[in-house]
Peer 1: 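Have a look at this one.
Since the structure is predicted, the reported quantities are computational estimates derived from the model, not experimental observations. Lettering of chains follows the sequences in order, A, B, ..., and the numbering in each one begins at 1.
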Number of protein chains: 2
Amino acid sequence: MTRTGRRPGDSSITRSEVLEAARSTFAEFGYEGATLRRIATAAGVDVALISHYFGNKEDLFIAVHDLPINPSDVADVFDGVDDDAIGDRVARFLLGVLAADNSAAISLMRAASTNASAAAMLREFIDRTLIDPIAAMIDVPDGRERVALVASHLLGVLFARDILGVRELTSASIDELVDAIGPTIHRYLTEPTRSTTAA
Amino acid sequence: MTRTGRRPGDSSITRSEVLEAARSTFAEFGYEGATLRRIATAAGVDVALISHYFGNKEDLFIAVHDLPINPSDVADVFDGVDDDAIGDRVARFLLGVLAADNSAAISLMRAASTNASAAAMLREFIDRTLIDPIAAMIDVPDGRERVALVASHLLGVLFARDILGVRELTSASIDELVDAIGPTIHRYLTEPTRSTTAA
DNA sequence: GAGACAATTCATCATCTGTTGAATTCTACC
DNA sequence: GGTAGAATTCAACAGATGATGAATTGTCTC
């Protein structure tokens with residue numbers, strides 16, 4: 001149907017359609033599994049157009065994962081929260097942002113499993129956006145290790161729920177998950193450790 | 001060097017060498033990334049030999065992941081353990097078995113991220129080997145959901161540590177990790193929930 | 001309305017994928 | 001010691017992959 005040459009009408013739309021198609025395809029199939037042709041088909045576009053816009057596959061991946069949270073957002077989460085509610089607040093914020101249909105987090109997790117540079121992206125994202133600001137706020141000596149445990153727990157829940165499809169988690173609402181996980185996060189962030197936690 | 005035809009000497013070794021090469025290659029590259037040719041090279045063998053032995057790639061993957069724990073092993077972990085030590089015992093057992101250089105768990109996690117049948121394998125493994133027996137033993141109404149949270153946490157730590165390479169976790173010893181995570185697992189398994197946990 | 005340039009597709013490339021069939025070399029049994 | 005069969009490699013396959021260059025069609029500016 002669509003012939004060669006430029007389409008009539010506003011053409012700035014196509015680029016964002018490609019991005020959207022790439023996002024959901026990366027999220028569903030991971031880096032290697034998300035074929036340029038699959039993305040192109042999902043976007044209703046020829047393969048070559050993707051290369052034309054984004055150069056190569058890796059640059060497309062990077063463009064897609066211009067990540068959803070920035071450190072100051074995380075800092076805002078703590079604004080005026082009394083200590084008792086920190087766990088819930090963090091849990092709700094992260095689950096809300098990361099488990100959303102947006103699913104950039106799932107996409108990154110899938111890709112990170114088999115692609116070293118995606119793993120580095122996610123690792124640095126966790127570092128810069130979670131560990132750095134949260135550890136600075138709770139201000140305890142082993143703060144970074146504590147936040148790393150919190151992040152691990154969140155990653156694990158996303159993995160089990162959205163990648164593996166563990167029933168006990170898929171059937172729970174975000175509210176129920178926050179209710180279950182919040183206290184754990186709260187303890188990791190506030191409770192004294194039993195001994196030296198990590199190096 | 002190696003010419004066509006059967007090699008002299010004991011030939012039952014080769015098969016296990018292929019399995020070992022497949023194990024580590026799957027663990028490093030995931031299902032799609034672990035090329036038959038890559039596995040063959042690692043095993044010092046021609047590609048066709050793999051197909052000859054294992055039929056196809058999926059059967060090879062299944063043969064490799066004849067999984068390391070069985071439910072009765074898990075049950076034994078609780079034998080004569082007083083309630084206070086359950087968390088540590090579970091944490092040490094699972095981290096010890098799953099994070100070992102054996103790395104079948106990492107291999108499954110990597111593959112599960114991009115391959116639906118690998119995800120199903122891991123999900124069922126968690127179900128049958130962790131959730132079923134542990135939930136039966138703690139014997140509380142929402143036991144399955146509690147164990148699912150425990151499993152999620154463990155998966156998350158493995159993911160963050162062995163796949164992402166988060167420094168705060170890679171620099172910790174197994175003992176330190178057990179020390180940090182044990183109490184959390186203990187609470188998930190024994191502490192009363194704040195409200196209804198999940199469906 | 002002509003010319004520059006952007007958007008889009010088509011055709012094609014070399015490379016890699018899993019799998020299969022035939023050929024060769026060894027071992028085991030009679 | 002000859003022969004059945006297993007172990008192993010070689011060669012080749014059809015299909016998919018990411019990338020590139022040329023061709024076509026639209027939009028915008030003067």
Side-chain angles (χ1 to χ4, degrees), chain A residues 1-23 25-26 28-65 110-111 114-118, chain B residues 1-23 25-26 28-65 110-111 114-118:
Chain A
M1 226 33 71
T2 30
R3 281 275 158 65
T4 218
R6 184 173 191 150
R7 291 182 196 161
D10 184 2
S11 54
S12 68
I13 304 172
T14 311
R15 190 176 210 271
S16 61
E17 283 175 341
V18 170
L19 269 179
E20 190 47 46
R23 185 201 313 288
T25 308
F26 278 129
E28 185 172 357
F29 298 102
Y31 185 81
E32 289 85 1
T35 305
L36 288 188
R37 284 162 227 267
R38 234 197 287 241
I39 295 172
T41 303
V45 145
D46 187 89
V47 209
L49 188 61
I50 302 182
S51 301
H52 171 67
Y53 271 138
F54 300 96
N56 59 30
K57 192 179 180 180
E58 179 141 5
D59 285 344
L60 171 64
F61 184 81
I62 291 175
V64 163
H65 292 89
R110 274 220 168 82
T114 54
N115 186 278
S117 44
Chain B
M1 226 35 71
T2 31
R3 279 277 156 63
T4 217
R6 184 173 190 151
R7 293 181 195 162
D10 184 3
S11 54
S12 69
I13 303 172
T14 313
R15 197 192 153 96
S16 61
E17 283 176 341
V18 171
L19 269 178
E20 190 47 46
R23 184 200 316 286
T25 309
F26 278 129
E28 185 172 358
F29 297 102
Y31 186 80
E32 289 84 3
T35 306
L36 288 187
R37 282 163 227 267
R38 234 197 288 240
I39 295 172
T41 302
V45 146
D46 186 89
V47 209
L49 188 61
I50 302 182
S51 301
H52 171 67
Y53 272 137
F54 299 96
N56 59 29
K57 191 179 181 180
E58 179 141 7
D59 285 345
L60 171 64
F61 184 81
I62 292 175
V64 163
H65 291 88
R110 275 220 168 82
T114 53
N115 186 277
S117 46

Peer 1: NZ of A:Lys57 to CG of A:Asp59: how many Å apart, nearest 0.5 Å?
Peer 2: 13.0 Å
Peer 1: How close or far is atom P of C:dA7 from atom CD1 of A:Ile50, stated in whole angstroms?
Peer 2: 15 Å
Peer 1: A:Arg6 CZ to D:dT25 C1': how many Å, rounded?
Peer 2: 9 Å
Peer 1: What does A:Thr35 touch in the nucleic acid at a heavy-atom separation under 4.0 angstrom: a base, only the sugar-phosphate, or nothing?
Peer 2: sugar-phosphate
Peer 1: Could you report the tightest heavy-atom contact between B:Ile50 and B:Ile39, atom names first, then the distance?
Peer 2: CD1-CG2, 3.8 Å
Peer 1: Hey, which of these two, A:Arg38 or A:Gly55, hits DNA chain D nearer its 5' end, going by closest nucleotide?
Peer 2: A:Arg38
Peer 1: Provide, to the nearest angstrom, the distance between the NE2 atom belonging to A:His52 and the P atom belonging to C:dC10.
Peer 2: 16 Å
Peer 1: In whole angstrom, what separates B:Leu49's CG from C:dT25's P?
Peer 2: 17 Å
Peer 1: Can you tell me how far P of D:dA19 sits from CZ of A:Arg37, to the nearest Å?
Peer 2: 10 Å
Peer 1: Would you indicate what B:Val47 reaches in the nucleic acid, counting non-hydrogen atoms under 4.0 angstrom: base, sugar-phosphate, or nothing?
Peer 2: base
Peer 1: By the 4.0 Å heavy-atom rule, please label A:Leu36 as base, sugar-phosphate, or nothing.
Peer 2: sugar-phosphate
Peer 1: To the nearest Å, give me how far apart CZ (A:Phe54) and C1' (C:dA7) are.
Peer 2: 13 Å
Peer 1: Under 4.0 Å from OP1 or OP2 of C:dT8: is there any side-chain N or O of A:Thr14 that close?
Peer 2: yes
Peer 1: Where the side chain of B:Arg7 is defined as all heavy atoms beyond and including C-beta, which of D:dT9, C:dT19, C:dA7 is the nearest nucleotide?
Peer 2: D:dT9
Peer 1: Give the rounded distance in Å between these two atoms: CG of B:Asp46 and C1' of D:dA12.
Peer 2: 12 Å
Peer 1: Could you state the interatomic distance from CZ (A:Phe61) to CG (A:Asn56), rounded to the nearest 0.5 Å?
Peer 2: 13.0 Å
Peer 1: Do you see a donor-acceptor pair shorter than 3.5 Å between the side chains of A:Thr114 and A:Glu32?
Peer 2: yes
Peer 1: May I have the distance from B:Lys57 (atom NZ) to C:dT19 (atom P), rounded to whole angstrom?
Peer 2: 8 Å
Peer 1: Please determine whether any donor N or O and acceptor N or O are separated by less than 3.5 Å between the side chain of A:Thr4 and the base of C:dT9.
Peer 2: yes
Peer 1: Respond yes when some side-chain nitrogen or oxygen of B:Tyr53 is under 4.0 Å from OP1 or OP2 of D:dT8, and no when none is.
Peer 2: yes
Peer 1: If you compare all heavy atoms of B:Arg110 against all heavy atoms of B:Phe26, which two are closest, and at what distance to 0.1 Å?
Peer 2: CB-O, 4.5 Å
